[in-house]
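This one's a predicted model, so the numbers in the text were calculated from it and none came from an experiment. Basis for what follows: all heavy atoms, side chains included, without hydrogens, waters or symmetry-related copies.
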Amino acid sequence: MLGKLFKYEWKGLRFPMLIMLIVLAGTTVLTCSVIVTINPKFDETLTWYSVMALMLSIFLYYFGIIGCSLGVMLTIAIRFYKTCYTDQGYLTHTLPVSTQKILNVKLISSVAAILFLILAVAVSLLVIANVGVNHILSIAIAESNGYLTDTADLRRLFFQELSSALSEFETELGISLGTYIVYLVVYFIIAIIANTVTILGCVSLGQLYTKHRIIGAIAAYFVVQFILKILGYIASIPMYSKLMRADMYYEEYTAFGLMSPTMDLALFFSVVVAVIMYFINLHMLTKKLNLE
């Protein structure tokens with residue numbers, strides 16, 4: 001039965017996700033196409049138009065990512081509302097599965113959809129970066145008047161410079177790049193799970209306003225975000241305290257040493273709010289369920 005529930009959730013999510021992937025792919029192809037048109041040998045007018053086109057494509061790509069991010073969150077919230085609190089909820093709540101399992105399936109499916117979109121964005125960024133680097137190297141070869149014949153040496157030089165920059169970055173950061181990447185991956189996965197639970201909790205809180213449920217959910221979201229913002233300011237106290245100590249006592253801190261306590265505390269607050277929201281979801285789905 002759980003397998004069928006997951007299949008049912010993905011069936012409802014796949015069409016909106018497909019639209020967002022098409023938008024992302026379209027903006028990626030557009031940006032890559034504009035990148036390869038830039039050529040310093042063009043006259044100033046053509047070069048200016050190429051640069052303007054590149055800026056416009058980057059803006060479109062940026063807003064495409066924003067739109068896809070908002071789209072997936074809205075899709076998750078709307079689907080949760082329709083399948084749990086409208087007439088579609090009669091089918092959901094008559095399944096021979098506990099309410100907690102239904103909620104868990106929706107949470108897992110929602111988090112998986114968000115992670116899939118993030119992976120798609122990461123792949124698109126790698127594609128754009130690869131096209132940009134290859135185009136820059138090809139221009140460098142063309143401008144070398146035969147001194148360079150292939151990209152191997154340029155790539156080697158590029159990666160040497162990149163390695164040097166990353167080494168300096170690690171020194172300033174105070175932690176190895178690999179460890180920092182693992183930290184960020186774990187951090188953002190936990191943050192995504194907490195944010196998803198919170199959004200579904202806001203949808204559930206909105207059901208307390210029987211005549212204006214959608215408005216109630218939106219109001220609950222802004223109230224929760226306001227609370228999280230206040231908690232975020234509280235979480236920043238350790239960082240500002242260290243900055244003051246460094247200024248007064250000439251103490252030195254690495255960037256990670258300054259940021260990590262604040263990031264960890266902010267994540268802790270988000271998880272606490274998410275746990276509260278999880279039990280609010282359970283309570284509303286079991287004790288306060290009032291289908292439209």
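- We find the CE-OH distance between M73 and Y221 to be 7.5 Å, quoted to the nearest 0.5 Å.
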Step by step, would you call Y278 with Q100 a side chain to side chain contact (heavy atoms under 4.5 Å, CB included)? CA-CA 10 Å; Y278 180 84; Q100 185 173 8; 3.3 Å; yes

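- Shortest non-hydrogen contact noted between C32 and V127 is SG-CG1, 4.0 Å.
- When side chains are defined from C-beta on, L200 does not count as touching M284, because their heavy atoms never get closer than 4.5 Å.
- At least one side-chain heavy atom of L205 sits under 4.5 Å from a side-chain heavy atom of M277.
- Remark: side-chain polar atoms of N130 are not paired, donor with acceptor, to backbone N or O of L126 under 3.5 angstrom.
- Residue Y183 places its OH atom among more than 12 non-hydrogen atoms of other residues, nucleotides or ligands, all under 6.0 Å distant.
- With a 4.5 Å cut-off between side-chain heavy atoms of Ile, Leu, Val, Met, Phe, Trp and Tyr, the cluster of L18 takes in I22.
- Smallest separation of non-hydrogen atoms from T196 and S110: CG2-CB, 3.7 Å.
- Judged purely by atom type and a 3.5 angstrom limit, S270 has no side-chain atom pairing as donor or acceptor with the backbone of A191.
- For the side chain to side chain contact (heavy atoms under 4.5 Å, CB included) criterion with T198, the lone passing option out of I276, V224, I280 is V224.
- Atom-to-atom distance recorded for T28:OG1 and I128:CD1 is 4.5 Å, nearest 0.5 angstrom.
- Closest of all the heavy-atom pairs between Y209 and G216 is CD1-CA, 3.5 Å.
- Taking CD1 of I192 as the start and CG of L115 as the end, the distance is 5.0 Å to the nearest 0.5 Å.
- Counting non-hydrogen atoms of neighbouring residues, nucleotides and ligands closer than 6.0 angstrom, the CD1 atom of I230 exceeds 12 such neighbours.
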Applying side chain to side chain contact (heavy atoms under 4.5 Å, CB included) to C84 and L285, what does each step give before you reach the verdict? CA-CA 8 Å; C84 289; L285 288 170; 3.9 Å; yes

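- Nearest heavy-atom pair, Y187 versus A266, reported as atom, atom and distance to 0.1 Å: OH-CB, 4.3 Å.
- Expressed to the nearest 0.5 Å, how far CG of N281 lies from CG of L103 amounts to 5.0 Å.
- Proximity of a side-chain donor or acceptor of S236 to a complementary backbone N or O of Y233 within less than 3.5 Å is detected.
- Counted within 6.0 Å of CZ on F269, heavy atoms from surrounding residues, nucleotides or ligands total more than 12; the atom is thus considered enclosed.
- Note that OH of Y61 is 3.5 Å distant from CG of L125, once rounded to the nearest 0.5 Å.
- Between atom CD1 of residue I76 and atom CZ of residue F80 there is a gap of 11.5 Å, rounded to the nearest 0.5 Å.
- Heavy-atom minimum distance, V23 versus G64: CG1-CA, 4.4 Å.
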Residue pair S204, Y85: steps toward the side chain to side chain donor-acceptor pair (under 3.5 Å) verdict: CA-CA 8 Å; S204 294; Y85 293 110; 2.8 Å; yes

